[in-house]
Amino acid sequence: MSRDHVQPAERSADSAEAPFLELLARGASADAYEQPVLLARAEGRPPERIAALEQAMLLALRVRSEIEGRRRREAELSALFETAHDLAGLRDLDAVLRAIVQRARSLLGTDVAYLSLHDAARGDTYMRVTEGSVAARFQQLRLGMGEGLGGLVAQTARPYVTDDYFKDERFQHTRAIDAGVRDEGLVAILGVPLMIGPQVIGVLFAADRRARVFEREQIALLGSFAALAAAAIDTANWLTETRSALDRLGRANEIIRDRSGVIERASDVHDRLAELVLRGGGVHDVAAAVSEVLDGTVEFAEPGDAPTAALEASRVEGHAVRHGDDWVAAVAAGGELLGTLMLRGHPGLDPVDQRTLERAAMVTSLLLLARRSASEAEQRVRGELLDDLLDARDRDPRLLRERAARLHADLDGPHVVLAARLDATADDADQEAAARRRLWSAASHLAGTRHGLAAAREGGTVLLLPLGPGDTATTLARRTARDLGTAVREQVTVGASAPVEQLAARPDAVVAAYAEGQRCLEALRLLGRAGDGAAAEDFGFLGLLLAGDRDISGFVDRTIGRVVTYDERRGTDLLRTLDAYFACGMSPARTKDDLHVHVNTVAQRLERVGRLLGDDWQSPARVLEIQLALRLHRLSSAAPH
């Protein structure tokens, strides 16, 4: 009978998902997902059927949102790679700049996008390319340094955004600029600088004819396009310089032959780098390609593994810098230092080869940003799964297992929940937030490499890591504290729960384990053990208060287990002697009267206890633990079995 009742329910749940799968398959709008539920209500379907449809609708909408987010990120990366490809095959600077402005407008979904360049002769900036503009006066605008939002961006070399241009008093309004903006009907404007090294050469804008808030991701995306536009301009200037050099070198055949080899190598590396970008190569592929072209050894290194002074000089100047017999080219994006390309043992580097190394550093930064975007997406998915385990107990075990399997995690095996927190106090809120982001990033990377999960929570980070063979909660906590501390270069304290299993079927176990890990974390901080990791079993009798399962037998065994075993095997009275010794105020003389034995017998028994428990067994802390263990042992022995 039970089987007959279960199968229809299962078929009902399956059929509840069918209309939404069809909507997902044909890319329907979000409004369409309510139709199956509304239809079921109109038809008077049973409440359980409607509930199943509502649950399936929420899941389908979530999948749709994830698919749309992935499509958007893929479109952004595709546009960046297409623009990088245009740059690699640069022939017409105006065509490349128009493509950049068009793609920026399309991806940000703005009414207008435009690009202005600095005029060194007149000391102002002028419109170079516009897309979506309809006003002639706007297209002919010139902005002095500090005038208008664009002038402010050019002056400060920082992105600026305004939700309402005419109400914004942060920049200088002029009659000519305001008239042009009014003719165009613009309201919300975002501007990012075009920079070659530390020099601002222009501004890239995206604008709407209505009030709008630009998200941080959109600002970063426009910044990426601005970097490509600046590179296109710099490349065009470089090609112009190269052509001029070739004209001058035409007067001397020997010099022409020398330079032609360099130009061929530069062309070769441009082709190779473009191919690498298009086929999704990595940073080490870039280093290998440039090594062949420059006939030297080029290596990618993390920022901390490169000469500090040379790396900082390269980042500030935007050029490769010589360091002894080596060359250092900073790999940076938007002011953030991502690494370095180092050319080893090549002191006499040709200027064109130097530019080749610099271009390789720029391509490397694009590849690293793309890899980071993919990694951050995976980190968010891991964090969402752990948040669901921590926040909600009524979850479908099958769905949880499937989500974990996609992240190469197994929720049925033994895991430990670890609460991690930085111990250093930041000077201000921004620095503290940045430190927390570094900790979350390091924890997410650690969880990814160990098939676990990580999420930011309550000012710190929580991790769910599998327990490996031979590991204990203590060893895992200490190793995690060490690894995270090394990654963020600050002390990280980690409290661990006891191992838990079958988490998909028991999400409440994750909540309880996290609470236990937090208690251990606070105990470590109160005991002055910053930068350490521990579980409840490491705190002696305090562990009974910290642990979620109150492991009394484990505490007794760890504290006096060797004495209990000795008495059981040899028929001695060491436990009774310890009880009497403590009851008599730790006086051997009074103990021998209580036990009716010679004082030498008491001394011999206490000496044996010392050999079993260690020389410090009579220290105040150990005495307290031993007396508590004796009391618990007596209670457990007297309890009925």
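Every value quoted in this text rests on a predicted model; they were computed, and no experiment measured them.
- Across every non-hydrogen atom of D208 and T110, the tightest pair is OD1-CA, 3.3 Å.
- Pairs of residues two or more places apart, or lying in two chains, that qualify as salt bridge (Lys or Arg N to Asp or Glu O under 4.0 Å) and include a residue from residues 104-118 are R105-E131, D111-R210.
- Every residue two or more places apart in sequence or in another chain was checked for a side chain to side chain donor-acceptor pair (under 3.5 Å) with T130, and none qualifies.
- A ring-centre distance under 6.0 Å is found for F171 and Y165.
- F166 and H173 have parallel rings, their planes meeting at less than 30° on a 0 to 90° scale where 60° marks the start of perpendicular.
- Within 6.0 Å of atom CZ in R26, more than 12 heavy atoms from other residues, nucleotides or ligands are found, so the atom counts as buried in its surroundings.
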Practice task
Output, in order, the C-alpha distance, side-chain angles, deciding distance and verdict of salt bridge (Lys or Arg N to Asp or Glu O under 4.0 Å) for R137 and E184.
Solution key: CA-CA 9 Å; R137 181 158 51 176; E184 195 62 51; over 6 Å; no
Practice task
Output, in order, the C-alpha distance, side-chain angles, deciding distance and verdict of side chain to side chain contact (heavy atoms under 4.5 Å, CB included) for R98 and V101.
Solution key: CA-CA 5 Å; R98 279 195 300 272; V101 172; 5.9 Å; no
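- In terms of heavy atoms, L341 sits closest to V331 at N-CG2, 4.0 Å.
- Side-chain N or O atoms of T461 include none that pairs as donor or acceptor with a backbone N or O of A456 at under 3.5 Å.
- Remark: side-chain polar atoms of Q218 are paired, donor with acceptor, to backbone N or O of E215 under 3.5 angstrom.
- In plain terms, the two heavy atoms of V192 and P159 that are nearest each other are CG1-CB, 3.8 Å.
- Here the side chain of S441 pairs no donor or acceptor atom with the backbone of R437 at under 3.5 angstrom.
- Atom OG of S116 is separated from atom CD1 of I201 by 10.0 Å, given to the nearest 0.5 angstrom.
- The CG atom of L194 sits 12.5 Å away from the CZ atom of F225 when rounded to the nearest 0.5 Å.
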Practice task
Quick one: do L463 and R450 satisfy side chain to side chain contact (heavy atoms under 4.5 Å, CB included)? Show the steps, please.
Solution key: CA-CA 11 Å; L463 298 95; R450 297 187 182 176; over 6 Å; no
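- Between H118 and D124, the shortest heavy-atom contact is ND1-O, 3.3 Å.
- Between L186 atom CG and D178 atom CG the span is 11.5 Å, to the nearest 0.5 Å.
- Applying the salt bridge (Lys or Arg N to Asp or Glu O under 4.0 Å) test to residues at least two apart or on different chains, none of the pairs has a partner in residues 193-202.
- Side-chain contact between Q35 and L38 is present, with heavy atoms from C-beta onward closer than 4.5 Å.
- Other residues, nucleotides and ligands place more than 12 heavy atoms under 6.0 Å from the CZ atom of R170.
- Residues V488 and A442 share a closest heavy-atom pair of CG1-CB, 4.0 Å.
- Judged purely by atom type and a 3.5 angstrom limit, T125 uses its side chain to pair as donor or acceptor with the backbone of L143.
- Residues L59 and Q55 form no side-chain contact, since every pair of their non-hydrogen atoms from C-beta on lies 4.5 Å or further apart.
- Judged by distance alone, the side chain of T162 and the main-chain N or O of A188 form no donor-acceptor pair under 3.5 Å.
- Proximity of a side-chain donor or acceptor of T156 to a complementary backbone N or O of L152 within less than 3.5 Å is detected.
- In this structure, A157 and V200 approach most closely via the heavy-atom pair CB-CG2, 3.5 Å.
- Distance check, rounded to the nearest 0.5 Å: CG of L484 to CG of L422 gives 9.0 Å.
- Side-chain contact, S133 with Q139: a donor N or O sits under 3.5 Å from an acceptor N or O.
- The CG atom of L228 sits 5.5 Å away from the CD1 atom of I100 when rounded to the nearest 0.5 Å.
- R158 CZ: 12 or fewer foreign heavy atoms inside a 6.0 Å radius.
- Taking NE2 from H323 and CZ from R344, the interatomic distance works out to 9.0 Å, rounded to the nearest 0.5 Å.
- Between Y114 and F205, the ring-plane angle classifies as parallel under the 30° and 60° cut-offs.
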